[in-house]
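Below: the structure, in structure tokens.
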Amino acid sequence: CHNEMCYNPTTIARIFLYCIQDANEGGETIIARNSDLNKNLPANAASFLKEHGGIMYQREFYDARNPPPATLAGGGVRGSWQDKCSLPKDADQDAAESFFHNMGFS
């Protein structure tokens with residue numbers, strides 16, 4: 001199962017998947033909207049999530065003005081937040097916060 005950018009307030013209209021090599025067995029991919037999955041959650045799973053604050057997505061981005069050493073760049077760090085926001089490499093935090101606010105994030 002793959003949740004493509006499911007944390008975004010605006011959902012994507014289409015997703016394209018490509019298979020480089022067929023699986024010998026299985027290989028199916030589940031495609032579903034998270035909101036639809038949530039409607040069909042068993043009551044005990046829904047109440048567990050509610051009691052524990054839901055599901056939190058966490059992504060790590062570095063500041064392009066101060067990138068991490070190359071040895072750290074692969075350990076969960078996915079690039080600069082300037083790149084993620086399509087901002088200039090010298091953009092400051094206010095520019096990124098404005099970008100995400102305009103996207104509908106709170």
Side-chain angles (χ1 to χ4, degrees):
C1 183
H2 183 73
N3 295 323
E4 184 62 38
M5 298 175 62
C6 60
Y7 49 83
N8 276 351
T10 306
T11 59
I12 59 174
R14 292 178 179 85
I15 184 170
F16 296 89
L17 304 173
Y18 176 76
C19 177
I20 293 174
Q21 181 178 351
D22 290 341
N24 291 331
E25 186 176 321
E28 297 86 0
T29 297
I30 298 170
I31 300 176
R33 293 191 174 278
N34 281 2
S35 57
D36 292 340
L37 294 174
N38 192 37
K39 291 176 192 172
N40 297 309
L41 272 180
N44 62 340
S47 58
F48 176 86
L49 288 172
K50 187 174 182 176
E51 289 168 13
H52 292 86
I55 297 174
M56 181 180 77
Y57 290 90
Q58 183 173 329
R59 306 273 312 263
E60 294 179 33
F61 297 94
Y62 60 84
D63 189 330
R65 298 169 298 177
N66 186 24
T71 56
L72 299 178
V77 179
R78 301 184 181 270
S80 75
W81 50 263
Q82 288 93 338
D83 288 341
K84 173 66 177 169
C85 302
S86 300
L87 295 170
K89 299 276 188 223
D90 62 348
D92 63 10
Q93 184 174 339
D94 290 340
E97 288 177 4
S98 177
F99 169 85
F100 284 110
H101 177 75
N102 292 336
M103 289 286 295
F105 288 91
S106 54

Can we say Lys89 and Asp83 salt-bridge, meaning some charged N sits less than 4.0 Å from an Asp/Glu carboxylate O? yes
Between the CD atom in Gln93 and the CG atom in Leu87, the distance rounded to the nearest 0.5 Å is 12.0 Å
Phe48/His52 aromatic ring centres below 6.0 Å: yes
What distance do Trp81 atom CH2 and Phe99 atom CZ have between them, rounded to the nearest 0.5 Å? 12.0 Å
Inspect the surroundings of CG in Asp22 and state if more than 12 heavy atoms from other residues, nucleotides or ligands are less than 6.0 Å away. no
I'd like to know if the side chain of Ser98 and the backbone of Asp94 have a donor-acceptor N/O pair within less than 3.5 Å. no
Going by atom types alone, do Asp63 and Gln82 pair a side-chain donor with an acceptor below 3.5 Å? yes
Considering all heavy atoms of both residues, which atom of Pro68 and which atom of Tyr62 are nearest to each other, and what is their separation? CD-CG, 3.3 Å
